[in-house]
Visitor: 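Just dropping this structure here.
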Number of protein chains: 2
Amino acid sequence: MKTLGDTLKCAREEKELILRKVAAEVDIDQSLISKFEKNERKPTMEQIVRLAKFYELPESELIINWYSEKIADELKYTESTSEILKVAEEKINYYKAQENGK
Amino acid sequence: MKTLGDTLKCAREEKELILRKVAAEVDIDQSLISKFEKNERKPTMEQIVRLAKFYELPESELIINWYSEKIADELKYTESTSEILKVAEEKINYYKAQENGK
DNA sequence: TTATTTTAGACAAATATTGTCCAAATTTAT
DNA sequence: ATAAATTTGGACAATATTTGTCTAAAATAA
């Protein structure tokens, strides 16, 4: 299972960059970036965008990983998760339909 | 689309109770309960449990609603939501499998 | 070993959530 | 219509959660 952290770490290793260097370029503390790679902290959306740009990764891939991990974290110790996700999707579709027909 | 707030309000009206009364019984400010019913605030899990008990509603129904609304809120203005949910489910299943085989 | 890179942990700063109160608005009853 | 009761909105303080920063320990490479 490839995590957001894995993706970021791979991207950095591909380019053979050290944390200090990336940190300077994207203006994020190197310790934070290390934690992103180890999934100990979640980047903010703005950080995601900057990292995607810097590593030349598709932003959408990172965002999908970001949200799905957030949700997985929330439901990790919960029952009826597939039911919850099913209902969540229904509600989202309902809200979005509302928005369009506004 | 039946919300958690709808469920709580219906339950209260079924029993013909006023907010003040419920508030006293479950020890939650009546203004808060009003907001729960209008989906302006989310109850905490503890409050969910107390309300379910008081109204004699299945706790799991409320919890499913609670989580699914939380997720729907998070994804309301996001793209690729069904992809996100799909990936989220995969990750959850992965984590849970890990837990069992620990 | 020494130098470099990565990681862990503590802590303050910034955000977000929650509970409480009160008065305005709404509804119901007289 | 007025008065009484109920519901609701909004402001604010209290709490909790998340985030950024720093420092030094741990790990890795030279």
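Owing to the predicted nature of the structure, the values given are computational and were not obtained by experimental measurement.
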Visitor: Specify the separation, in whole Å, of atom CG of Leu32(A) and atom P of dA13(C).
Guide: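 One finds 17 Å between P of dA13(C) and CG of Leu32(A), rounded.
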Visitor: Return whichever of Phe36(B) or Gln30(B) has its heavy-atom-nearest nucleotide of DNA chain C closer to the 5' end.
Guide: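 Counting from the 5' end, the first nearest nucleotide belongs to Phe36(B).
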Visitor: Rounded to whole Å, please give me the gap between CD in Glu74(B) and P in dT17(D).
Guide: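 Rounded to whole Å, this separation is 15 Å.
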Visitor: Ignoring hydrogens and geometry beyond distance, is the side chain of Lys35(B) in donor-acceptor contact with the base of dG19(C) at under 3.5 Å?
Guide: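 No pair found.
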Visitor: Do you see a donor-acceptor pair shorter than 3.5 Å between the side chains of Lys35(A) and Ser31(A)?
Guide: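 Lys35(A) vs Ser31(A): donor-acceptor pair found between side chains.
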Visitor: Taking only N and O in the side chain of Gln47(B), is any of them less than 4.0 Å away from OP1 or OP2 of dT18(C)?
Guide: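 For Gln47(B), the contact criterion (side-chain N or O under 4.0 Å from OP1 or OP2 of dT18(C)) is not met.
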Visitor: Where the side chain of Ser68(A) meets the backbone of Ile64(A), is there a donor-acceptor pair that is under 3.5 Å apart?
Guide: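 Side chain of Ser68(A) to backbone of Ile64(A), a donor-acceptor pair under 3.5 Å: yes, one is there.
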Visitor: For the pair made of NZ in Lys70(B) and C1' in dT17(D), what is the distance, rounded to whole Å?
Guide: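 About 11 Å, once rounded to whole Å.
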Visitor: Got a donor-acceptor pair under 3.5 Å from the side chain of Ser31(A) to the base of dG20(D)?
Guide: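 For Ser31(A), whose side chain was compared with the base of dG20(D), there is no donor-acceptor pair (under 3.5 Å).
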Visitor: Roughly how many Å is it from CG in Leu8(A) to P in dT6(C), rounded to a whole number?
Guide: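 From Leu8(A) CG to dT6(C) P: 14 Å.
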Visitor: I'd like to know if the side chain of Asn39(A) reaches the main chain of Gly5(A), judged simply by a donor and an acceptor atom lying under 3.5 Å from each other, with no hydrogens or angles considered.
Guide: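 Side chain of Asn39(A) to backbone of Gly5(A): a pair is present.
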Visitor: To the nearest Å, give me how far apart CG (Asp29(A)) and C1' (dT7(C)) are.
Guide: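 Value for this atom pair: 12 Å.
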Visitor: Tell me the interatomic distance from Leu19(B), atom CG, to dT20(C), atom P, rounded to whole angstroms.
Guide: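 In whole Å, dT20(C) P lies 16 Å from Leu19(B) CG.
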Visitor: Classify the side-chain pair Lys70(A)/Asn65(A) by whether it contains a donor and acceptor separated by less than 3.5 Å.
Guide: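 The criterion, which ignores hydrogens and geometry beyond distance, is not satisfied for Asn65(A) and Lys70(A).
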Visitor: For Ile18(B), report the nucleic acid contact type (base, sugar-phosphate, nothing); a contact means any heavy atom under 4.0 Å.
Guide: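 Ile18(B): backbone/sugar contact only, no base atoms under 4.0 Å.
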Visitor: Could you state the CD-C1' distance from Glu16(B) to dT27(C), rounded to the nearest angstrom?
Guide: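 Going from Glu16(B) (CD) to dT27(C) (C1'), I get 16 Å.
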Visitor: How long is the line joining CD1 of Ile33(B) and P of dG19(C), in whole Å?
Guide: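 The answer, rounded to whole Å, is 11 Å.
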Visitor: Check whether any side-chain nitrogen or oxygen of Lys38(A) sits under 4.0 Å from OP1 or OP2 of dA8(C), and answer yes or no.
Guide: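 For dA8(C), OP1/OP2 do have a side-chain N/O of Lys38(A) under 4.0 Å.
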Visitor: Does OP1 or OP2 of dT7(C) have a side-chain N or O of Arg20(A) closer than 4.0 Å?
Guide: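 Checking Arg20(A) against dT7(C): no side-chain N or O falls below 4.0 Å of OP1 or OP2.
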Visitor: With nearest nucleotide decided by heavy atoms, which residue, Ile28(A) or Leu17(B), maps closer to the 5′ end of DNA chain D?
Guide: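 The 5'-side residue here is Leu17(B).
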Visitor: I'd like to know if the side chain of Glu69(B) reaches the main chain of Trp66(B), judged simply by a donor and an acceptor atom lying under 3.5 Å from each other, with no hydrogens or angles considered.
Guide: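 Side chain of Glu69(B) to backbone of Trp66(B): no pair is present.
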